[in-house]
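Chain identifiers are assigned alphabetically (A, B, ...) following the order of the sequence lines, protein sequences preceding nucleic acid strands; residue numbering begins at 1 within each chain.
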Number of protein chains: 2
Amino acid sequence: MAPRTARLSAQDWTRGALDLLMAEGVAALQINRLCADLGVTRGSFYWHFADLTELEAAVAERWCEETRERLDQLAELDRLPPRERLRIMTLHLIDDASWSVERALREWARSTPQVAAVVGESDQHVFELVERAIVELGHDPTVARTRAGLLVYAGIGFAHGQSTLPKPTEADVDQLLDFLAEPAS
Amino acid sequence: MAPRTARLSAQDWTRGALDLLMAEGVAALQINRLCADLGVTRGSFYWHFADLTELEAAVAERWCEETRERLDQLAELDRLPPRERLRIMTLHLIDDASWSVERALREWARSTPQVAAVVGESDQHVFELVERAIVELGHDPTVARTRAGLLVYAGIGFAHGQSTLPKPTEADVDQLLDFLAEPAS
DNA sequence: ACCTGAACACCGTTCAAGT
DNA sequence: ACCTGAACACCGTTCAAGT
């Protein structure tokens, strides 16, 4: 994978942490565990980071960058009609396994403000993309704001309830988007 | 408060745990902390519970009961028109501070299946209340299912994103409910 | 039946010492 | 500049012993 130099960089640690996080969830993100993966002892970690919290912030930052890229790629579908854009984003959310990381991030966000800032930024970004698409659909700003809020919050809720609630099918999504696209009465 | 007997019951522990949880969040729920509150030593805890996990499950159970009661009270507004019922439930969600506990519960749910079951049950309950209200509004079951899902997921999302996203005003809620009540095209 | 207190394992954190 | 290894504090857990 990465060039296997004898010594590690901070980058190597955040990379390893993100991998661990995605593979085994937030509970596995421990210093001992990481050290084992990287073939190094505990003390080494503290040369690169002041704290577990600092590592988490770095991981969050990195995750945010990667997420932003992914989102921008999606938004690059700028030439696609807005309806199609929403469809792709929504379906992406539903079957993507990436919310296991997102859930972990939101957990951290509660205890460490740095992570909260990063998550908030990401939410804001998604919200704007969705809002813009709905405006392009021909709605005035007030309506767009409400409906975008509804959809984005529902997305967060879906990612968070690994719940017993029914998982929407593709047909459900189409029906839902028809609904969101409807002209205001 | 409670009758101050010398010896404690399991009930006293769950009560104390829930209080601690609401007051100081999930991070404060430690055995040492609880023991200090209850004026007792660590070992005592293990006479009542096998595990921290078992305590958490008990707390979750109790929270679920209390939540169910609250929900049933809300649903007892059965004689109110469905639209009004939805309005009350939604507003209740928005300004209620009780989701700090709910968030904690969902965090646990990820690591302990017992808690997950309890949270799932609660979600299901809310979903059914909302779905029924939308059916009463005159929609057929398919439409009701989609829209109820949207609203409930949005509710979960709202409770979870302590986010930078705009918090809906009362006017927003009315607009939103107008929207959800709209006849299908 | 309910609790104490000592003991242990595990994990985050520090730091002097090595290369 | 990057890492080791020993040490410490803290927390969950066990258990023999007390009342």
Side-chain angles (χ1 to χ4, degrees), chain A residues 1-21 23-60 104-105 107-115, chain B residues 1-21 23-60 104-105 107-115:
Chain A
M1 318 270 158
R4 268 263 145 263
T5 54
R7 303 288 164 104
L8 300 172
S9 69
Q11 290 260 348
D12 294 325
W13 285 93
T14 53
R15 180 71 266 153
L18 237 189
D19 289 347
L20 223 188
L21 190 63
E24 308 191 25
V26 64
L29 195 51
Q30 304 171 138
I31 297 180
N32 279 330
R33 195 58 176 58
L34 252 179
C35 288
D37 283 6
L38 296 175
V40 102
T41 61
R42 259 196 267 77
S44 157
F45 170 82
Y46 287 92
W47 193 88
H48 296 282
F49 299 93
D51 231 71
L52 233 198
T53 305
E54 201 175 292
L55 205 221
E56 289 170 358
V59 170
L105 264 290
E107 263 178 67
W108 290 350
R110 215 149 293 137
S111 50
T112 100
Q114 306 201 49
V115 179
Chain B
M1 316 269 163
R4 268 264 145 261
T5 54
R7 303 289 164 105
L8 301 172
S9 68
Q11 290 260 348
D12 294 326
W13 285 92
T14 53
R15 183 70 263 154
L18 236 189
D19 289 347
L20 223 188
L21 189 64
E24 306 191 28
V26 65
L29 195 53
Q30 305 170 136
I31 297 181
N32 279 332
R33 196 57 177 58
L34 253 178
C35 288
D37 284 6
L38 296 175
V40 100
T41 61
R42 261 196 268 76
S44 157
F45 170 82
Y46 287 93
W47 194 88
H48 296 282
F49 299 94
D51 230 68
L52 234 199
T53 306
E54 199 175 294
L55 205 221
E56 290 171 358
V59 170
L105 264 288
E107 262 178 67
W108 290 347
R110 215 150 295 137
S111 49
T112 98
Q114 307 200 49
V115 178

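- Following rounding to the nearest Å, A/Q11 (CD) and D/dA1 (C1') show an atom-to-atom distance of 17 Å.
- Here the side chain of A/I31 is nearest to one of C/dG12, C/dA1, D/dT4, namely C/dG12.
- Look at CG on A/L8: it is 13 Å from C1' on D/dT4, rounded to the nearest Å.
- Atom CG in A/L55 sits roughly 15 Å away from atom C1' in C/dC11 (whole-Å rounding).
- The distance between atom CZ of A/F49 and atom P of D/dC3, rounded to the nearest whole Å, is 11 Å.
- Rounded to whole Å, atom P of C/dC10 lies 10 Å from atom CG of A/N32.
- Between the CH2 atom of A/W13 and the P atom of D/dC2 there is a distance of 13 Å, rounded to whole Å.
- Put simply, CZ on A/R7 is 15 Å from P on C/dG18, counting in whole angstrom units.
- Taking the side chain of B/W47 as heavy atoms from C-beta on, and the options C/dT13, D/dA1, C/dA1, the nearest nucleotide is C/dA1.
- For A/F45 and A/R42, each mapped to the nucleotide of DNA chain D holding its nearest heavy atom, the one lying further toward the 5' end belongs to A/F45.
- Between A/T41 and A/C35, the closest side-chain pair of non-hydrogen atoms is not below 4.5 Å.
- Base pairing of C/dC10: no nucleotide in any strand meets the Watson-Crick or G-U wobble criterion (both distances under 3.5 Å).
- Counting only heavy atoms from C-beta outward, the side chains of A/V59 and A/L55 approach each other to under 4.5 Å.
- Ring geometry, A/F45 versus A/W13: the interplanar angle exceeds 60°, so the pair is classed perpendicular (tilted spans 30 to 60°).
- Taking the side chain as every heavy atom from C-beta outward, B/L8 and B/W47 never approach each other to under 4.5 Å.
- Pairing of D/dC15, defined by two Watson-Crick or G-U wobble distances under 3.5 Å, is identified with C/dG5.
- Across all strands shown, A/A50 has heavy atoms under 4.0 Å from sugar-phosphate atoms exclusively, and none from any base.
- Considering only side-chain N and O atoms, A/Y46 lies nowhere under 4.0 angstrom from the phosphate OP1 or OP2 of C/dT14.
- Whole-Å rounding puts the B/Q30 CD to D/dA9 P distance at 18 Å.
- One finds a side-chain N or O of A/H48 lying less than 4.0 angstrom from the OP1 or OP2 phosphate oxygen of D/dC3.
- Under the 4.5 Å side-chain criterion, counting only non-hydrogen atoms from C-beta, B/R33 is in contact with B/E24.
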